[in-house]
Number of protein chains: 2
Amino acid sequence: MELSERKKKILEVIIRDYINSAEPVGSRTLSKRCNLGISPATIRNEMADLEELGFLVQPHTSSGRIPTQQAYRFYVDEIMEIRKLEKMIRTDIHRGFLDYNNELGTTISHTAQVLSKLTNYTSVILAPRITNYNCKHVQIIPLIKNRVLMVAVTHEGIAKNVEMSLSSEVSEVMALKLSNVINGFLKNSFLKDMNSGFLDQIQELSQEESNLVREIIPHLKKALFEDASEIHSTGLTNLFNYPEFSDVEKIKQVVNIVQEKQVLSEILTGNESGKVVHIRIGNENDNENLKDFSIITSTYELDGEMMGAFGVIGPTRMNYDNVSSVLNYIRNELNLHISNLLMK
Amino acid sequence: MELSERKKKILEVIIRDYINSAEPVGSRTLSKRCNLGISPATIRNEMADLEELGFLVQPHTSSGRIPTQQAYRFYVDEIMEIRKLEKMIRTDIHRGFLDYNNELGTTISHTAQVLSKLTNYTSVILAPRITNYNCKHVQIIPLIKNRVLMVAVTHEGIAKNVEMSLSSEVSEVMALKLSNVINGFLKNSFLKDMNSGFLDQIQELSQEESNLVREIIPHLKKALFEDASEIHSTGLTNLFNYPEFSDVEKIKQVVNIVQEKQVLSEILTGNESGKVVHIRIGNENDNENLKDFSIITSTYELDGEMMGAFGVIGPTRMNYDNVSSVLNYIRNELNLHISNLLMK
DNA sequence: GTTAGCACTCAATTCTTGTGAGTGCTAATA
DNA sequence: TATTAGCACTCACAAGAATTGAGTGCTAAC
């Protein structure tokens, strides 16, 4: 799929133009914009070639051309580059983060806001998640009757709540004892290896106590391994301003996606490419509802381990340039900031 | 504002019809539907009167009439009644609640789902809130460095998390001690009366310890008294099917409302009327963005104390009958269910 | 290989016309 | 006096016709 330099240039200009205007691009307008000094007729020939190669389509005969998803993919892979943001914007973002330097939760929702503001699309962000290996400490707190709250804390200092009903009422003293049993195990082993077998090794537990622990463990595992983390989203209405969303059906699609936290979370974490900024265009999305959208995601880390993900949802006619650059920068800022917040 | 029985009847039929069809109602169609045996001409005269009285308007000369907000208010106050739901629906709802009988959180989100499904509008529900007087117990859990998590538990068994940074690192032992100090106070007094003065009465605290408690108290108060409770919403896209929402601007309005958790929470809890089911129609809403919508809310209680609120947002052309009846029934179910879940 | 010229296409816009559901008014009726 | 039939009038809406304009492909000349 080798394109001549000129074809490449023409394709680039068409894509850029279409991303801006959402209008099919014709040869006349193009010849003015593209400073190659070639006439509309020549451009028409080149465009016909590009159409044959699958990069362009005409909404109808005798209209201008619009880029295909293949064209966007080519643009993303071969043409565009992740830019460094303007100095002013960089310092703006940086200062913004400093204002939210106390709370993990507010940092996360602040990030979502910055993202949607800078890109004018819809942003989503997944709060730090609990990983397989990092559960450090749990605490059982009696609520009422046979209901208890379990708080699990990771090595990174992230807490998660699990509420549950047990088979009998739990006193404060009992809660403390149960916590201690589980924590004793966690000191030496990983949560994933925890099964009810370890109880046999502990002599001083009454029948009731070990029953309770047996009830608790599945809840703990489920909460940590299966439950979706909290997810934030802002700028949903940003999308409604784009002409491709004048159709109510399209709006429904995107609203549904953003409300389906579970789906969203899978989308955000599914990055097979291994790239820092991961771009999925239209059909490349597995989710049926996302086939008409593009989504660009990235992740943030702590101490080398992936903690969460964030991204931007927009039309396939997305400003890939800008969004990638923003995501790339935010990623760095977020990493820095979270590490300041949590690291020993 | 005394209307003759006939005028009342005509108005009722017009409103019912318009709520169903969203089409202006004319005298011909009306004379068929309304079994009073009067001719279109007579109806025209009555309609002209009703228009003069402010109950009807014509979108343009020579079209049928549509009800004004004043008409809806009249309908709600003077005509409609809260019905008992059909037996089948009642048992359906009841069984649904039984399936979610273990978790407060799932009960809440289940309620939201039932509401939007039964009404075909958008539902919102406010999770149980922490009230002024019911904080029973707190527990401080060290997270990392100088960060700790505080869990506050109410008498009703509802837990709330607060994360905070303190001025120095907190060990497990220290955390336990701090918890005990605060809990000791809560045993005998209300949280609202807690100020740093009570520390003076406690002799065995080191300087560092009492400093820490002094830092914690404002966080606790803020979290319990000021922070908004969690809020759930479903069925946002239900609204998009109604003809009044074919306009993208309208959609933006409602999406914005539903995303503004803080605003939503104020709307839900603001019930001056003292009625069990509280109806606000169009302009009666304080919030500028809600002027084109109607919202019907109710509350749920535990042991006589208001715990949370829920409601339905829809067009002013809302099926007030049905929604009120549903809310009324759900309220009872929810009260029953939560009391089973939490009461001693 | 490039370009000017030309006939052709087709969505979008504007204008026209017809249709129908609705009205208000007046005069006849019970 | 309240009701109704009759009639002329209004106006949104739909369907069709005419116009416009940005764009195309093709051919022949440069």
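So you know, we letter chains A, B, ... as the sequences are listed, proteins then strands, and number each from 1. Predicted model, so just to flag it, every value in this text is computed and none were measured.
Using a cutoff of 4.0 Å between basic side-chain nitrogens and carboxylate oxygens, B:R6 and B:E46 are scored as salt-bridged. Electrostatic pairing of A:R73 and A:E284 counts as a salt bridge here, judged by a charged N lying under 4.0 Å from a carboxylate O. Salt-bridge annotation for B:R16 and B:D321: present, with a side-chain N of the basic residue lying under 4.0 Å from a carboxylate O of the acidic one.
Residue A:T42 places at least one side-chain N or O closer than 4.0 Å to OP1 or OP2 of C:dT3. Within the structure, every side-chain polar atom (N or O) of A:S62 is placed at least 4.0 Å from both OP1 and OP2 of C:dC8. The phosphate of D:dG23 (OP1 or OP2) has a side-chain N or O of A:T29 nearer than 4.0 angstrom.
What separates CG of B:N45 from P of C:dG24 is a distance of 8 Å, to the nearest Å. Distance, B:K32 NZ to C:dA21 C1': 10 Å, rounded to whole Å. Going from atom CD of A:E23 over to atom P of C:dA11 covers 15 Å, rounded to whole Å. Atom pair A:R65:CZ and C:dC10:P shows a separation of 14 Å (rounding to whole Å applied). The separation between B:H60 atom NE2 and D:dC13 atom C1' is 9 Å, rounded to whole Å. When rounded to the nearest whole Å, the span between CD of A:E46 and C1' of C:dG1 equals 10 Å. The separation between B:I38 atom CD1 and D:dA5 atom P is 12 Å, rounded to whole Å. Residue B:D49 contributes atom CG, which lies 13 Å from atom C1' of D:dA2 at whole-angstrom precision.
Checking C:dG24, C:dT9, D:dG25 against the side-chain heavy atoms of B:A48 singles out C:dG24 as nearest. Closest to the side chain of B:R6, out of D:dT3, C:dT3, C:dG24, is D:dT3. Of the candidates D:dC7, D:dT10, D:dT3, the closest approach to any side-chain atom of B:T61 belongs to D:dT10.
With A:F245 as the aromatic partner, A:K250 meets the cation-pi criteria of under 6.0 angstrom to the ring centre and within 45 degrees of the ring axis.
Evaluation of atom-type donor-acceptor distances gives no pair under 3.5 Å for the side chain of A:R28 against the base of D:dG23.
Surrounding NZ of A:K275 are at most 12 heavy atoms belonging to other residues, nucleotides or ligands under 6.0 Å away.
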